[in-house]
Amino acid sequence: QVQLVESGGGLVAAGGSLRLSCAASGRSFSSYAMGWFRQAPGKEREFVGGISWIGGFTYYGDSVKGRFTISRDNPKDTLWLQMNNLKPDDTAVYFCAAGKELYLDYEVQNIKGYDYWGQGTQVTVSS
């Protein structure tokens, strides 16, 4: 079992920045790929960014490339998502997730590969 707790969401004006954190506990954090997903009202949950379990390879959804950066600190069991130049369309509940030993891009980007999820944190970007 892996428990995940997100924090850092809030209200920000368009063009601003936020940094989300995801604290993990339970089984070995380093053996899991980690991902950030988001879900806006009335929409499906979508992939935002992910980082492989080994090698630290990062992948991003097209809508956030160049603006968001995902990183992890294995000894601290923590995942981050730095979000810059935020837009109103980024408004959503953001979830972190853990998937066992995901590595390739199509594996890390596939929501079905993730076994554990946090409760989510709300991000609201005002225009």
Side-chain angles (χ1 to χ4, degrees):
Q1 286 281 354
V2 176
Q3 293 79 42
L4 303 171
V5 179
E6 303 95 336
S7 61
L11 174 65
V12 64
S17 299
L18 280 176
R19 190 189 195 203
L20 304 184
S21 300
C22 175
S25 61
R27 292 190 175 182
S28 177
F29 179 73
S30 62
S31 65
Y32 287 83
M34 298 299 297
W36 286 100
F37 293 79
R38 67 187 183 187
Q39 188 166 18
K43 295 186 177 181
E44 293 187 353
R45 193 169 296 189
E46 67 170 350
F47 173 77
V48 174
I51 186 165
S52 61
W53 77 280
I54 193 169
F57 296 103
T58 57
Y59 310 99
Y60 297 95
D62 289 341
S63 63
V64 307
K65 283 180 182 177
R67 299 188 297 123
F68 291 11
T69 303
I70 189 170
S71 59
R72 66 188 296 167
D73 186 329
N74 288 341
K76 294 184 178 180
D77 292 347
T78 304
L79 175 75
W80 293 280
L81 182 69
Q82 177 67 43
M83 305 186 294
N84 297 328
N85 190 22
L86 283 160
K87 303 176 181 180
D89 284 348
D90 295 318
T91 295
V93 178
Y94 283 70
F95 300 88
C96 70
K100 185 70 171 176
E101 297 180 355
L102 305 178
Y103 178 72
L104 298 174
D105 54 355
Y106 67 88
E107 295 175 334
V108 175
Q109 293 169 6
N110 186 354
I111 192 171
K112 295 181 180 179
Y114 290 84
D115 306 301
Y116 303 102
W117 292 82
Q119 82 290 347
T121 185
Q122 176 71 46
V123 172
T124 303
V125 184
S126 63
S127 57

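None of the values given here were measured: they were computed from a predicted structure. Quick note: numbers below take in every heavy atom, side chains included, and nothing from hydrogens, waters or symmetry partners.
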To the nearest 0.5 Å, tell me how far Lys100 NZ sits from Ser28 OG.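 The NZ atom of Lys100 sits 6.5 Å away from the OG atom of Ser28.
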Could you state the interatomic distance from CG (Leu81) to CD (Glu6), rounded to the nearest 0.5 Å?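 Interatomic distance, Leu81 CG to Glu6 CD, rounded to 0.5 Å: 11.0 Å.
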Using the side chain to side chain donor-acceptor pair (under 3.5 Å) criterion, which residues pair with [X]? Sequence neighbours excluded.
X     : result
Thr78 : none
Asn74 : Arg72
Lys87 : none
Ser71 : none

Measure across Leu20 and Met83 and return the closest heavy-atom pair with its distance rounded to 0.1 Å.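 The answer is CG-CE, 3.7 Å.
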List the residues meeting side-chain contact (heavy atoms from CB on, under 4.5 Å) with Ser25, not counting sequence neighbours, and say none if there are none.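 Ser25 satisfies side-chain contact (heavy atoms from CB on, under 4.5 Å) with Gln3 only.
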Using side-chain contact (heavy atoms from CB on, under 4.5 Å) as the criterion, list what pairs up with Ala14, not counting sequence neighbours.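 Pro88, Val125.
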Scan residues 50-92 for pairs that pass disulfide bond (SG atoms under 2.5 Å apart), counting only residues two or more places apart or in two chains.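 As it turns out, there is no disulfide bond (SG atoms under 2.5 Å apart) pair with a partner in residues 50-92 once direct neighbours are skipped.
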Sequence neighbours excluded, every pair satisfying disulfide bond (SG atoms under 2.5 Å apart) that has a member inside residues 21-127: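 Disulfide bond (SG atoms under 2.5 Å apart) check on residues 21-127 returns Cys22-Cys96.
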How is the hydrophobic cluster of Phe37 composed, in terms of its other members, when Ile, Leu, Val, Met, Phe, Trp and Tyr link through side-chain heavy atoms under 4.5 Å apart, directly or indirectly?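 Joined to Phe37, directly or through intermediates: Phe47, Trp53, Ile54, Phe57, Tyr59, Val93, Phe95, Leu102, Tyr103, Leu104, Tyr106, Val108, Ile111, Tyr114, Trp117.
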Spell out, as yes or no, whether a donor-acceptor pair under 3.5 Å connects the side chain of Arg67 to the backbone of Asn85.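 Checking the backbone N and O of Asn85 against the side chain of Arg67, a donor-acceptor pair under 3.5 Å is found.
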Looking only at atom types and distance, does a side-chain atom of Thr121 sit under 3.5 Å from a main-chain N or O of Gly9, one as donor and one as acceptor?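 Judged by distance alone, yes, a pair lies under 3.5 Å.
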Please, which pairs that meet salt bridge (charged side-chain N to carboxylate O under 4.0 Å, His left out) have at least one residue in residues 56-66, sequence neighbours excluded?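 For residues 56-66, and leaving out neighbouring residues, the salt bridge (charged side-chain N to carboxylate O under 4.0 Å, His left out) pairs sorted by first residue read Asp62-Lys65.
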Just jot down the salt bridge (Lys or Arg N to Asp or Glu O under 4.0 Å) partners of Lys112, sequence neighbours excluded, or say none.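 Not a single residue meets the salt bridge (Lys or Arg N to Asp or Glu O under 4.0 Å) criterion with Lys112.
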Name all pairs fulfilling the side-chain hydrogen bond (donor to acceptor under 3.5 Å, both in side chains) condition that reach into residues 33-46, sequence neighbours left out, sorted by first residue then second.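 Sorted pair list: Arg38-Glu46, Arg38-Ser63, Arg38-Asp90, Arg38-Tyr94, Gln39-Arg45.
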